[in-house]
Trainee: 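What follows is a structure written as structure tokens; I'll ask about it next.
For the numbers below, each heavy atom of this structure counts, side chains included, while hydrogens, waters and symmetry mates do not. Order of the sequence lines sets the chain letters (A, B, ...), proteins ahead of strands, with each chain counted from 1.
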Amino acid sequence: MIKNLVIVESPAKAKTIEGYLGKDFVVKSSFGHVRDLPKDNNAIDIENGFKPTYVISSDKKDVVAQLRKLAKEAETVWLASDDDREGEAISWHLTEALNLNDSKIRRIVFREITKNAILNAISSPRNIDMDLVNAQQARRILDRIVGFELSPVLWKKIKTGLSAGRVQSVAVRLVVEREREIERFKADAAFKITASFSVEGKTLDAELPTRFKTEEEAQAFLQKCIGAAHTIENLEKKPLKRSPAPPFTTSTLQQEASRKLYFSVAQTMSVAQKLYESGKISYMRTDSVNLSEEAISGAANAIQQSFGEKFIKTRRFKTKSSGAQEAHEAIRPTDFSQMTVSGDRNEQRLYELIWKRAIASQMADAEIEKTTATIGISTQPEKLVATGEVIKFEGFLKVYIESKDDEELQDDDVKGMLPPLSVGQTIDLRHMLATQRYSRPAARYTEASLVKKLEEMGIGRPSTYAPTISTIQKRGYVEKDSREGKERPYRVLILQKDQVSAQTKTEITGAEKAKLFPTDMAMVVNDFLVDHFPTVIDYSFTAKVEAEFDEIAQGHEEWKAMLEKFYEKFHKRIESSETIDRAAVSGARELGIDPVSGKKLIAKLGRFGPYVQLGEENPDTGEKPVYASLRKGQFLESIALEDALELFKLPRIVGMYEDKEMKAAIGRFGPYISHSSKFYSLPKHLDPLQVTPEEAIELIEQKRKADAEKLIKSFDENPDVQVLNGRYGPYIVVGKKNVKIPKGKEPAELTLQECLDLAEATPEKKGRGGFKKKPEPAEKKATTKKAPAKKAAAKPKAKK
DNA sequence: CAGTGAGCGAGCTTCCGCTTGACTT
């Protein structure tokens, strides 16, 4: 018999809270939502006022059963899910799923996990706010309708398996539009003048505030500077203050961990999860920059201990993002006196980052003195400017400096101290440079900078940023990739010892590391959605519906009426999309005429990905077009005629070996040789266009030798079955399936039958993503070799 | 990692948001 059952969302939270409450309280977790719309297409009865059907999520059956049992025994059930829209809905779903009646339940909320906050909450329970619950239902149903009506349109018009949704489609759109912006971008160059002086053995660097458009102008300027005297005309000192950034939210943590530790957003979340579960940090999915009073005084104590009174300046930050629901604190250490933690290297590094950021947020401003020296040139009216900074008081800079994205970086970001100067002082020129500098296009998104952008637009939630980023990659819309840059020449003019000389140097431009690139599929799908469903893919769509959800939450609007209004227009668009011609959305583009054959070259997106087509079908002459797939790094929108023509040179027959052809081509994993249905990757030094038969044969024989060394056992009766030695120890291969060897079995003594049985007992790997699914007919033996293998088992499933 | 690129059309796919483990090739 228990007196009080408290239900929270997270098990780690439950553990902490149980410690705060007496033994009259049992604290359990719901592990998030326990009920949801079923996966099928009839979850919402649109005709009957969008009536939803809810089911207990399959992975929550046990949790709900356990909670139901405890709730039955308990006198009072305290529903303590998060203080936001989703949390309110979780509480409501719990009352439904656990059959709780109103007299037994109390709804309580708190926004920080501190003893005071919990006890306060217990002393002021309230009822479940049905307006807030309805706002959540409207959100859930709208997302389901958008996703489940839009995606099938894509299956019909573009490719099966594609997806669209309120959040992911906008994320893809951002990446697509950024790519096009970069594609359109034309860099313009200008000459920047810098000068280096010698002041009593020390160096003083200065710059001309204006730039010159042409080399001639820059040349003329340097010429005029020959023999000039340089004098300090003015010295100005200005005090500057810098303030620390607020403590981390999910999105800012992902950004900093990406910039400083090179973590992916998923990696950041999984490392943070471990820190949270071991009680070292507060909750990591939050949009709040707020710290509890207890945390602030904890930070102040730690600062006092390590740096002294002078460095303390407590602050209460306010959130800037409008969509924030602030159900939790900002991300912070649970114990500020712990500067480091145990755990693996990544946990330690992420913790340190969190500690520094949170501590710095409660530290004094940095005081800086900025000096600007103006340097006159006796032969010219133009002035050079040198700036330097001296830190007078470090303040928060002692522990933490926020990093910036590439696009925000300035060349002169790091400034040192100037040598001692006085007005009227003449200084010696070492050299003056006019360097050609190109403007840069907007930077491609990283995972983290895309999250930042989404958050600014109020799209997505802390719990979904990382999953959204991986969804758009899994669906084949976006690829995280690195590119080598290209060399670009630039001009430098040098004035030294009263002589002006010029030289051409080269710089690397356009190199990218772990950036997001849209695929051709993303381009085609995005254009289709923009054309036919402009509303839902509009950048302000989420903001608009959020405003309506707020109205519902306030009780000013009825949720069914809101959905009705939205659905009417949206569904009309879905219906009229039926008539769209498939061919019109293939992204076809004419590249030009092949100068050799005189045939037309077209690039388009097909069922198997982007390809180019040379020539056209002509029934009169019997002429047929030839096709070639685009390679990694090539795109429909940007591939040039000459690069496309190159594609037709591969695959190429290298020669014969054991009466079979050896073909060279480039595949998903790079260049390779194929021979008798087997593939052999080409090492870097072999070019698929140049590789000789001898080289190819050597490659095949080497690979065979290596494979033979891995082989433990094979069976003459069935060559599809082998026992091999792999990276993780011995395993069995049956056809294309890898099978684990159970403990206690000697790999060398396995019989064929044992292998087959083990393979049978191993479940199929359910991987999605590949477009090559070959469902085997269950009953009939289908051995038709020539027929396209597209027949699936015709086993009608009971529809519900 | 090939070859393919029309349309026929079985039966599959899909959303967002809240939470953790179970996976170990």
Trainee: If I compare all heavy atoms of Ser151(A) with all of Ser163(A), which pair ends up nearest, and what's the gap?
Mentor: OG-CA, 3.5 Å
Trainee: Under the criterion side chain to side chain donor-acceptor pair (under 3.5 Å), which of Glu86(A), Arg140(A), His93(A), Lys60(A) is the partner of His33(A)?
Mentor: Glu86(A)
Trainee: Between atom NZ in Lys159(A) and atom P in dA6(B), what is the gap in whole Å?
Mentor: 14 Å
Trainee: Contact class for Val167(A) (heavy atom, under 4.0 Å): base, sugar-phosphate, or nothing?
Mentor: sugar-phosphate
Trainee: Calculate the interatomic distance between Ile7(A) atom CD1 and dC18(B) atom P; express it in whole Å.
Mentor: 19 Å
Trainee: So what does Pro11(A) hit on the nucleic acid, given a heavy-atom distance under 4.0 Å: a base, only sugar-phosphate, or nothing?
Mentor: sugar-phosphate
Trainee: Is there ring stacking between Phe679(A) and dC1(B), where the centres must be under 5.5 angstrom apart and the planes under 30 degrees?
Mentor: yes
Trainee: By nearest atom, which of the nucleotides dC1(B), dT19(B), dC15(B) is closest to the His328(A) side chain?
Mentor: dT19(B)
Trainee: Determine the Euclidean distance between corresponding C1' atoms of dG9(B) and dT13(B); express it in Å to zero decimal places.
Mentor: 16 Å
Trainee: Name the nucleic acid region contacted by Gln136(A), choosing base, sugar-phosphate or nothing; use a 4.0 angstrom heavy-atom cut-off, strictly under.
Mentor: nothing
Trainee: The side chain of Asp84(A) lies closest to which of these nucleotides: dG17(B), dC18(B), dC15(B)?
Mentor: dC18(B)
Trainee: Are any of Ser10(A)'s side-chain N or O atoms less than 4.0 Å away from OP1 or OP2 of dT20(B)?
Mentor: yes
Trainee: Can you tell me how far C1' of dG7(B) sits from NZ of Lys157(A), to the nearest Å?
Mentor: 13 Å
Trainee: Should the ring pair Tyr283(A) and Tyr276(A) be called parallel, tilted or perpendicular, given that the plane angle runs from 0 to 90° and is split at 30 and 60?
Mentor: perpendicular
Trainee: For dC15(B), does OP1 or OP2 lie under 4.0 Å from any side-chain N or O of Arg475(A)?
Mentor: yes
Trainee: With a 4.0 Å cut-off on heavy atoms, is Pro651(A) in touch with a base, just the backbone sugar-phosphate, or nothing at all?
Mentor: sugar-phosphate
Trainee: Do NZ/NE/NH1/NH2 and the carboxylate oxygens of Arg85(A) and Glu546(A) come within less than 4.0 Å?
Mentor: yes
Trainee: In whole angstroms, how far is the C1' atom of dT13(B) from the CE atom of Met521(A)?
Mentor: 14 Å
Trainee: dC15(B) base to Arg140(A) side chain: any donor-acceptor pair below 3.5 Å?
Mentor: yes
Trainee: Looking only at non-hydrogen atoms, find the nearest pair between Arg652(A) and Val691(A) and report the distance.
Mentor: NH2-O, 3.0 Å
Trainee: Mind checking if Asp82(A) touches a base, just sugar-phosphate, or nothing, with heavy atoms under 4.0 Å?
Mentor: sugar-phosphate
Trainee: Does Arg166(A) have a side-chain nitrogen or oxygen under 4.0 Å from the phosphate oxygens OP1 or OP2 of dG17(B)?
Mentor: yes
Trainee: Which residue lies toward the 5' end of DNA chain B, Glu149(A) or Tyr283(A), if each is placed at its nearest nucleotide?
Mentor: Glu149(A)
Trainee: So, does Gln273(A) get its side chain near the phosphate of dT20(B), meaning an N or O under 4.0 Å from OP1 or OP2?
Mentor: yes
Trainee: For Val55(A) and Leu37(A), work out which heavy atoms get closest and say how close.
Mentor: CG2-C, 4.4 Å
Trainee: Remember a base hit wins even if backbone is also touched, and classify Gly87(A) as base, sugar-phosphate or nothing at under 4.0 Å, heavy atoms.
Mentor: nothing
Trainee: Name the closest nucleotide to the Ser151(A) side chain, picking from dA2(B), dC15(B), dT4(B).
Mentor: dC15(B)
Trainee: Taking the side chain of Phe148(A) as its heavy atoms from C-beta onward, which of dC15(B), dG21(B), dC1(B) lies nearest to it?
Mentor: dC15(B)
Trainee: How long is the line joining NZ of Lys156(A) and C1' of dC8(B), in whole Å?
Mentor: 17 Å
Trainee: Taking 4.0 Å as the cut-off, does a side-chain nitrogen or oxygen of Gln613(A) come that near to OP1 or OP2 on dG5(B)?
Mentor: no
Trainee: If you only use heavy atoms from C-beta on, which nucleotide in dC18(B), dC15(B), dG5(B) is closest to the side chain of Tyr611(A)?
Mentor: dG5(B)
Trainee: Identify, between Trp155(A) and Tyr680(A), the residue whose nearest nucleotide on DNA chain B lies closer to the 5' end.
Mentor: Tyr680(A)
Trainee: Shortest non-hydrogen contact from Ser577(A) to Phe533(A)?
Mentor: CB-CZ, 4.1 Å
Trainee: Should Ser463(A) be listed as having a side-chain N or O under 4.0 Å from OP1 or OP2 of dC18(B)?
Mentor: yes
Trainee: So, is Thr464(A) close to the dG17(B) phosphate, meaning a side-chain N or O under 4.0 Å from OP1 or OP2?
Mentor: yes
Trainee: Can you check whether Thr160(A) has a side-chain N or O nearer than 4.0 Å to OP1 or OP2 of dT13(B)?
Mentor: no
Trainee: Grab the CD-P distance between Glu88(A) and dG17(B) for me, whole Å please.
Mentor: 18 Å
Trainee: Please tell me which of the listed nucleotides, dC15(B), dC16(B), dT20(B), lies nearest to the side chain of Ser163(A)?
Mentor: dC15(B)
Trainee: Using a heavy-atom cut-off of 4.0 Å across all strands, would you classify Ala665(A) as base, sugar-phosphate, or nothing?
Mentor: nothing
Trainee: Determine the contact category for Gly165(A): base if any of its heavy atoms lies under 4.0 Å from a base atom, sugar-phosphate if only primed atoms, P, OP1 or OP2 are that close, otherwise nothing.
Mentor: sugar-phosphate
Trainee: Could you walk me through whether Gln137(A) and Phe549(A) pass the side chain to side chain contact (heavy atoms under 4.5 Å, CB included) check?
Mentor: CA-CA 9 Å; Gln137(A) 297 200 81; Phe549(A) 297 149; over 6 Å; no
Trainee: Closer than 4.0 Å, any side-chain N/O of Arg461(A) to the OP1 or OP2 of dC18(B)?
Mentor: yes
Trainee: Are any of Arg285(A)'s side-chain N or O atoms less than 4.0 Å away from OP1 or OP2 of dT19(B)?
Mentor: yes
